[in-house]
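Below, chains carry the letters A, B, ... as their sequence lines are ordered, and counting in each starts from 1.
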Amino acid sequence: MNARVKKDLLRSVMRIRAVELEIIKHYGKQQMRCPVHLCVGQEAISAGACAVLRRDDFIFATHRSHGPYLAKGGDLQAMLAELHGRVGGCCDGRGGSMHLMWPKTGIMTSLAIVSQGIPIAAGSALSMQMQGTDQVAMTFFGDGATEEGNFYETLNFAAIRKLPVVFVCENNKLATNTPLSVRRPEGVRITDIAKSLGVHSEYSPDGNDALTVYKMVSEGVERARNGNGPSFFEFDTYRMLEHCGPFDDHEQGLRSAKGREFWRTRCPVDTLSRKLLAENVVTREKIDQWQAEFVQELAAAMKYAEEAPLPDPLTCFDNVYA
Amino acid sequence: MNARVKKDLLRSVMRIRAVELEIIKHYGKQQMRCPVHLCVGQEAISAGACAVLRRDDFIFATHRSHGPYLAKGGDLQAMLAELHGRVGGCCDGRGGSMHLMWPKTGIMTSLAIVSQGIPIAAGSALSMQMQGTDQVAMTFFGDGATEEGNFYETLNFAAIRKLPVVFVCENNKLATNTPLSVRRPEGVRITDIAKSLGVHSEYSPDGNDALTVYKMVSEGVERARNGNGPSFFEFDTYRMLEHCGPFDDHEQGLRSAKGREFWRTRCPVDTLSRKLLAENVVTREKIDQWQAEFVQELAAAMKYAEEAPLPDPLTCFDNVYA
Amino acid sequence: MARECKFSEAINEALAVKLEADRSVFVMGLGAQDRNAVFGTLDGLAETFGTNRVIDTPVSENAMTGVCIGAAVHGMRPVMVHQRMDFILMAMDQVVNAAAKWRYMSNGTQCVPLTIRLVVGRGWGQGPQHAQALHSWFSHIPGLRVVAPFSPADAKGLLIASIEDDNPVVFIEHRWLHNTYGPVPEGAVAEPLGRATIVREGKDVTIVSSSYMTLEALRSAEKLASQGVDVEIVDLRTLRPLDMETILSSVRKCGRLVVADMGWPQYGLGSEIIALCARNALDSLKTAPSLVSMADCPVPTAAAFTNVCYGQARDIAQVVARQLNKTLDVETLFEDPAGLPNDIPDARFSGPF
Amino acid sequence: MARECKFSEAINEALAVKLEADRSVFVMGLGAQDRNAVFGTLDGLAETFGTNRVIDTPVSENAMTGVCIGAAVHGMRPVMVHQRMDFILMAMDQVVNAAAKWRYMSNGTQCVPLTIRLVVGRGWGQGPQHAQALHSWFSHIPGLRVVAPFSPADAKGLLIASIEDDNPVVFIEHRWLHNTYGPVPEGAVAEPLGRATIVREGKDVTIVSSSYMTLEALRSAEKLASQGVDVEIVDLRTLRPLDMETILSSVRKCGRLVVADMGWPQYGLGSEIIALCARNALDSLKTAPSLVSMADCPVPTAAAFTNVCYGQARDIAQVVARQLNKTLDVETLFEDPAGLPNDIPDARFSGPF
Ligand SMILES: Cc1ncc(C[n+]2csc(CCOP(=O)(O)OP(=O)(O)O)c2C)c(N)n1
Ligand SMILES: Cc1ncc(C[n+]2csc(CCOP(=O)(O)OP(=O)(O)O)c2C)c(N)n1
Ligand SMILES: [Mg+2]
Ligand SMILES: [Mg+2]
């Protein structure tokens, strides 16, 4: 993997983190009046997987959409304006945090119904196949989504028709506050299920390492691009904050602090920056410079978002139909 | 396996066959005014699996309900009256062939929506577990049903809660007229999917051999009865007739006669009777005697059904609500 | 030019015409390559256009609907088909939560030009799980269009229009119409969505109906005419959006309203039309409006129930007469000399179901 | 004896009472053991009754519904809960094709005593996929009962009755009612299903409402009273079966009808009530009936839209005045001195959403 890619990955995880922290900072002002499912702790998967894609490849995200949106080149101002329910938001305020989209860079949509985007992504891959393009469709989803019929039904169909689609499962072992241990029997691994359905499938416990994610997903994207069909990747990761909202939920006795301690040592930002500094791929100055850029970029975007006009309420009747 | 069981199994497959043939004979009279999904060629699975069960165990069947219904002790008169849409039918005419039930012997219902009964059977197993009985729930379904989300979702839940449920898949490699090859990718085996979901799973190509079915399913039922959770069995078999109706569909060029030739050599009735005759477990006289019994029984039941009163049309408003 | 065609042939023509003209159109459904060809409507299409454009599927309604949505968002115009409307209940999430909301959420920048063909089953023991008519459900949902043609010509023209429409369209076919005949224009002639049509002009009572019930309404009109009653029949064709103009002006003219619907009576099309008229033409209503519908119970399998279960020409005539304070001997009037059983559309009917 | 309780506490009490009294009752839902306890309604239940009777689940709505049906047929009384009504769209097959038909298909020999609690989301950017009110859908289906309480007392009494009922019951809770207070009787007192209640007597106009919209109706009534208008409010409580008697006698008395519904306007509760009155009390209607409903579009996320999107007290007052030919300065009348944003139920609201 060349240094350019590594540097880009580091910048990408750092930027996603910076945006999430900025949202946390401002959320209390009650100007972002929509639920936010933050991805602090899970940035590496979005960053690593999206870095493999071309601009004209498609992604489909979930309620936890910020990571993929930013990693695939979604516009920051449009994102923050969207969270603020303003005109100029990427959906002009109609979607909010759970429905981010930026088709210009292939972010087709984000969907708030668990698993809903999985077949839809496969459908876009079908259209690519029919149209004879060499695009690839990728969809992100959580461990919870794999419990919905959609998941299995779609993998089966994708395998039958060798669709150019890559399924990326972010396994944070939680669905809202219900742990995976309640939702899957002991000893079952999602990757094995995907494999049994005829989809090339791989698992890594290192979902917080963007380099690992990049490497593994590269193979899947290539496979898809070359007409060799779908692949599935399961990455372990950890949700640092509450399911929805800006707070840490460990204090409320719902989760042991142990998990958090373990995963803190695998912070997608810290571990990668340490590593790349040690490898001399990046300098401390470069990192600081990026941080400064983020601060500036975020200040401007936040200002833009807060000052963007509110939608005219009567436009709520527009665009129900074509 | 003792001789008694073997004999019972032979009698059971023979009886199911006899009933189906009788229905075919009379269907053209247009008195059985409902779709019939006959199980000619698939009798061994119903016979073998139900023979393992106790009377107070439950089964749930599908649109192709005749086999399980007869094998689990459903009343023949009530069945034929139901097909005739008459009072005295097992649903008093409200259900028809696709909804046969006979709760007295544990036939809870048959459902015409593909895969619908799978979670419902698991739910009855959950109630058994909650009530602390040692009953077992069993559900029959086709290969097509395993493509519905219901299948995977249910197996997962059954494995999590170690439910006393046995899943029996009759793989005739057809869903209506769509072959399995269009519905699953090459190399995928349903049993492996079930296994990946954490359910004890076994496959046999000998689904037309009631003895094999009986042996394999016995283990699953015991497992369930002893609190060791669910199991899944996939049996290859062959649908001799059209999906729905009394005719053979091979002539219409939809299926090659080759498949039929192969499976004719594995006819559930012929192979088992040959085998048990060779083993001296049964005599030709006994077989002839059974056939004579079936003829008599069927003539009486058919007469009963044809002469049963039609429901008063106005009773269609009854029993919508409790 | 118009020739006589079967309704199912009209559907088939619409599909063939669009598959031929537009590479973005494809057909998907369980049994799409099956010899029964979804009651003949797909006859020859897989052969002509190939199995990559006429796609048979696993039994996975929910994901298949999602697949079609995904393809539609990326420029395709899929036509899904389900052999029974009942099966789409597996996929309501995709239809209602995804397809119907998509364009709106994107504020008009994306759309879902998806057509979903749903067949309403009836007769020969279809029973509780294979004979539901849930058109009112779809019509409740902003973001969906709902079409339910009666005539073969409309079946063709409206299906073409549905495929060309940039919105998700639920296209409803009653099983008992597939074998009916009527003149059907050649070629790729679309019939605009959203317009009702007066299939019979009259002055005494307005009957509002759609799909198969328009056939029953026409039958009842004929008998009523023999008794000196002159009904007007508004065939809705599109259930969402409703053609308020046509409905209201007919009701304003006749002053009396009967709705004939193939669905259940509560919270359905019947109530919608009656409410529409009560809100917008109250003063024109000389008598309380009436509804002929499916009986308010699941559809039982036995043929013996059909007479009570299904609203028919006889029932329509009965309520029309009642509104006009006329006594009508409906039993004699609607006596069927052929004595055709009530669970088949015509004497030749022998499935597939 | 009645004390003041929150709506969510009333639900909690109903569940606790039934779990305590009847071993066949169990609770199942995603998040059933979660600290948020489905907006507090399950507080402490898993602790008290154990995780075998208060069951957290995988994210598998369809199969979980089937599981509950299977258990119900075999003598259990499951109470399912979904944090949003939108999610039940994954399970419509089980609800409509299985549960609603079961008793009928067995001709009364089996039944499905299943209660499905569905929460209607609103506000704080719930958006298109988390704020739907589809009560009219369920109410269309013979075999289902549909309950939508407004007061905490009814929430408790009707939930107890729903659990005790041998039919599948869809029990609808509006998120903005969970924190409202009212007197709630102690103990296991069931409130019979199928009866509406007059929550305010009046003579000028009948307002028919349910669930959260009854609150809006009461607010509008207060302001209208200050302008000399005396409305009567019929709180439906049960949407299927409807209490025709109570609705019709109020409308016959007042001669004017406004329906206030939290759902979409077409093919919904609004049309059902209006059609009911048009068919059965046409002569009593002095003016055309009106409907205040959700705007006929998906629910957009941005707070700025809420004023137009949701029918409110102000809108109800407006149409009441219009029916009475009264001019009303609604803007002044409904001016909110607190200036509370329109996307939260009260000032203290800060989730969970
Ligand atoms: C069909 C459906 N059921 C339930 C929900 C409520 N819900 C929202 S997010 C979520 C958790 C999903 O878990 P997972 O897929 O692992 O994603 P994560 O939140 O962990 O990223 C749930 C259950 C929903 N949105 N859609
Ligand atoms: C949800 C649903 N989709 C489609 C159908 C139509 N249908 C009836 S039987 C059948 C075939 C099912 O195949 P399988 O499960 O293998 O059972 P088999 O008929 O082979 O016994 C189909 C698709 C249905 N009844 N329900
Ligand atoms: Mg998760
Ligand atoms: Mg099969």
Check: Heavy-atom distance under 4.5 Å to chain D: side chain of B:Cys90, backbone, both or neither?
Finding: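 It is neither, since no heavy atom gets under 4.5 Å.
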Report task. Examine whether an atom of B:Gln131 lies under 4.5 Å from a heavy atom of chain D, and if so say whether it belongs to the side chain, the backbone or both; otherwise answer neither. Result ->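 The answer is the side chain of B:Gln131.
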Side-chain contact test, heavy atoms from C-beta onward, threshold under 4.5 Å: evaluate it for [X] versus [Y] and give yes or no.
| X | Y | answer |
| --- | --- | --- |
| D:Ile55 | B:Arg161 | yes |
| B:Met130 | D:Asn52 | no |
| B:Asn156 | D:Pro58 | yes |
| B:Asn319 | D:Met105 | no |
| D:His74 | B:Gln135 | yes |
| B:Ser127 | D:Met76 | yes |
| D:Gln94 | B:Asn150 | yes |
| B:Leu126 | D:Met28 | yes |

| task | Determine the option with the most heavy-atom pairs under 4.5 angstrom with chain B, choosing from D:Asp166, D:Ile69, D:Asn97. | result |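 It is D:Asn97.
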- Item | Partner residues of B:Ser196 under the side-chain hydrogen bond (donor to acceptor under 3.5 Å, both in side chains) criterion, sequence neighbours left out |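 Only A:Ser196 meet the side-chain hydrogen bond (donor to acceptor under 3.5 Å, both in side chains) criterion with B:Ser196.
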**OP:** Determine, stepwise, if the pair B:Thr109 / D:Trp102 fulfils side chain to side chain contact (heavy atoms under 4.5 Å, CB included).
**Re:** CA-CA 9 Å; B:Thr109 201; D:Trp102 201 289; 3.4 Å; yes
* Asked: Is there any salt bridge (Lys or Arg N to Asp or Glu O under 4.0 Å) pair reaching into residues 107-120 of chain D, and which pairs are they, with sequence neighbours excluded?
  ->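 Listed once each, the pairs are D:Arg117-D:Glu173.
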- prompt: Taking all non-hydrogen atoms of both residues, which atom of D:Asn107 and which atom of B:Cys91 are closest, and how far apart?
  reply: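 Shortest heavy-atom separation between D:Asn107 and B:Cys91 comes out as CB-O, 4.0 Å.
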Quick check: closest heavy atoms across B:Glu153 and D:Ala63, and the distance to 0.1 Å?
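The answer is OE1-N, 3.0 Å.
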(Q) Report which part of D:Arg23 has an atom under 4.5 Å of a heavy atom belonging to chain B: side chain, backbone, both, or neither. (A)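 D:Arg23 has no heavy atom closer than 4.5 Å to chain B.
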Do any of residues 52-86 of chain B come closer than 4.5 Å to chain D, heavy atom to heavy atom, and if so which ones, in number order?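 Under the 4.5 Å heavy-atom cut-off, B:Phe58, B:Phe60 qualify.
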Q: Taking heavy atoms only and a threshold strictly under 4.5 Å, list by residue number the residues of residues 95-103 of chain B that touch chain D; give 'none' if the list is empty.
A: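 Contacts with chain D: B:His99, B:Met101, B:Pro103.
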Between B:Met108 and D:Val73, does a side chain to side chain contact (heavy atoms under 4.5 Å, CB included) hold up when you go through it step by step? CA-CA 9 Å; B:Met108 295 305 281; D:Val73 171; 3.7 Å; yes
Leading residue by heavy atom contact count with chain D [cutoff under 4.5 Å; candidates B:Ile160, B:Ile113, B:Leu163]:
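Max contact count across the listed options: B:Ile113.
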* Hey, does the Lys NZ or Arg CZ of B:Arg94 hover above the aromatic six-ring of D:Tyr104, less than 6.0 Å from the centre and inside 45° of the axis? ->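 Judged by the rule (NZ or CZ under 6.0 Å from the ring centre, within 45° of its axis), B:Arg94 counts as positioned above D:Tyr104.
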Practice prompt. Please check if the side chain of B:Tyr321 supplies one atom and the backbone of D:Asn167 the other of a donor-acceptor pair under 3.5 Å.
Written response: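 It does not hold such a pair.
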